[in-house]
Structure formats: C-alpha cells, structure tokens
Amino acid sequence: SQTIHQWPATLVQPVGSPLSLECTVEGTSNPNLYWYRQAAGRGLQLLFYSVGIGQISSEVPQNLSASRPQDRQFILSSKKLLLSDSGFYLCAWYRGDYTIYFGEGSWLTVV
Amino acid sequence: SQQGEEDPQALSIQEGENATMNCSYKTSINNLQWYRQNSGRGLVHLILIRSNEREKHSGRLRVTLDTSKKSSSLLITASRAADTASYFCAIASGGSYIPTFGRGTSLIVHP
C-alpha cells in the first residue's frame, strides 16, 4: 500500500534561519507530488507541485522553494524564514481520479 | 481555478443529530470532493461526486450535488463525537486535475 511520510512533524525556527521539510512516498512510482500550506483558520494554499524528478511548478510567489531530487522525495526549503512563513505544511500526492492523498503535516512556527 | 466556499464556518451539534454542511462554487466543475481533517492532522479523502452525478453515499455520509445551483452538501447522519473535525470541499474544474480547497467547516459533536 502507498504511504506518505513528512518530517519533522513540528519545527520552531527563528526569523532568518533556513528551512528544510522533507516528504517521501512509498509504494508508488513517478508520483505527482504537492506542497500545501494551511494558515490558521484558512484553507489550503497550493505552493508547489512536481510531476517528476527536477520538475517543479510554483503556484504562488513566495519566500519558499521546492526540489525533487529523487522520484519519491519532495523537499520544501527556505534560505531565510519570515514570520509569515508560519503555518501547517502538507505534502500530498495525486493518487488518480482527482483524489489527493495527504501526509500528516509539519507545523512550522517562526519566532 | 476556483475555490469552493463552505457554509457554515462552524457547526456545533449533539451526538446522534445529523450534521449538514454546504459548499458553493461559481463556475462549472468536473467533480467535487469532500475531505476531513482532524485537528493538527493531514486531510483524508471522504467522497468524490462527479458533475453528472446528483447523490452519493458512503456509510453515514451522503453527498448531493446540484449543478444548477452550483452547490453541494455533505450530510453526516447520526453523528458521533469522533466526527468532530474540519470538513473541506475541493473542486476540480477546467483542464486541471488538481482540486482547489475551500476554508472548511469546523464541526464539533458533543457527547
């Protein structure tokens, strides 16, 4: 069966520090992968999606970047965090028929 | 891409009662999905209804779609305390298979 892992689950980082959130998928090959952000009390905002190794599409301009170094690995990064980067980050993969399967999320607090 | 709007934003009911939440949208869709999110967790896919369908059931869940009114409803019958969560509608429209999520309805079921 397919599983999706995200880590770390919780992160507290100072303003100006770097960020790396990792996501890996098991049990599937060449998945379409996504990073979403959920700010408090708001819906999900699609940040990046990737259809293959090295292929990244950005949905919104921001302080974040994404990379896909391996088929089943998707990384969300920042060189210098801002307070506004705080939120709940969700990695997800497209499992077909318009359905998205989500990881458990990573809480980021920028202080 | 369009975003659905859930209504109400928050719903508080007693165990055993039915819970109804609605999602409205603006332009034609390919399909509409409902997801559930327990506090601090990832989203879980509940049900997908296609634009040519009017009603679908899954256990205690009933989803309706009225394309003439551009709205969908999610009914949870005989609610349980474990149904406490946020519920999101997600819309796929146009040529995109990536659904766009609304802001969600927060449901609290009191035991």
Side-chain angles (χ1 to χ4, degrees), chain A residues 1-11 21-25 31-51 55-60 66 74 76 86-109, chain B residues 1-11 21 23-25 28-53 56 58 63 65 72 85-108:
Chain A
S1 64
Q2 300 91 348
T3 56
I4 182 167
H5 302 282
Q6 265 186 258
W7 71 93
T10 306
L11 198 58
L21 299 179
E22 295 195 33
C23 171
T24 58
V25 181
N32 289 354
L33 297 174
Y34 309 88
W35 279 109
Y36 287 86
R37 175 169 58 201
Q38 186 178 28
R42 301 185 67 178
L44 274 70
Q45 181 184 35
L46 179 62
L47 302 176
F48 301 96
Y49 69 92
S50 171
V51 299
Q55 300 180 64
I56 308 294
S57 295
S58 174
E59 288 293 297
V60 294
F74 202 21
L76 184 69
S86 293
F88 190 46
Y89 289 84
L90 289 155
C91 181
W93 66 275
Y94 178 67
R95 63 179 187 188
D97 197 19
Y98 298 94
T99 303
I100 305 291
Y101 185 76
F102 287 86
E104 285 300 303
S106 297
W107 284 102
L108 171 65
T109 303
Chain B
S1 57
Q2 64 174 317
Q3 180 178 10
E5 291 187 18
E6 292 93 341
D7 174 67
Q9 289 186 338
L11 183 58
M21 50 206 90
C23 175
S24 60
Y25 55 92
S28 62
I29 61 172
N30 299 326
N31 62 69
L32 186 146
Q33 305 172 56
W34 286 92
Y35 287 76
R36 166 193 168 128
Q37 183 182 34
N38 286 359
S39 180
R41 306 293 294 275
L43 280 73
V44 176
H45 179 258
L46 295 177
I47 199 163
L48 178 150
I49 187 164
R50 300 182 190 280
S51 58
N52 60 353
E53 298 175 310
K56 286 190 82 169
S58 177
V63 169
L65 179 65
S72 172
S86 291
Y87 293 82
F88 293 84
C89 71
I91 292 172
S93 59
S96 174
Y97 62 85
I98 303 173
T100 305
F101 291 81
R103 297 190 175 194
T105 292
S106 175
L107 171 66
I108 297 176

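Chain naming here is simple, since letters A, B, ... match the order of the sequence lines and numbering starts at 1 in each. The basis for the numbers below is simple: all heavy atoms, side chains too, and nothing from hydrogens, waters or symmetry mates.
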Ignoring hydrogens and angles, tell me if any N or O in the side chain of B:Tyr35 forms a donor-acceptor pair with the backbone of A:Ile100 under 3.5 Å.
yes

Cut-off 4.5 Å, heavy atoms of chain A, and the answer for B:Gln37 is side chain

Most heavy-atom pairs under 4.5 Å with chain B, out of A:Leu46, A:Leu44, A:Ile4, A:Leu90, belong to A:Leu44

For A:Tyr101, is it the side chain, the backbone, both or neither that has a heavy atom under 4.5 Å from a heavy atom of chain B?
neither

Interatomic distance, CD@A:Glu104 vs CG@B:Leu43, rounded to 0.5 Å, equals 10.0 Å

Does atom OH of A:Tyr49 have more than 12 heavy-atom neighbours from other groups under 6.0 Å away?
no

Who passes side-chain contact (heavy atoms from CB on, under 4.5 Å) against B:Asn38, sequence neighbours left out?
B:Arg36, B:Arg41, B:Ala85

Are more than 12 heavy atoms from other residues, nucleotides or ligands located less than 6.0 Å from atom CD of B:Gln9?
no

What pair of heavy atoms forms the shortest contact from B:Ile98 to A:Tyr36, and how long is it?
CG2-OH, 3.8 Å

Applying a strict 4.5 Å limit to non-hydrogen atoms, the region of A:Gln6 in contact with chain B is neither

Relative to chain A, which of B:Ser106, B:Gly104, B:Gly40 shows the most heavy atom pairs under 4.5 Å?
B:Gly40

Check salt bridge (charged side-chain N to carboxylate O under 4.0 Å, His left out) between A:Glu22 and all other residues, then give those that pass, not counting sequence neighbours.
none

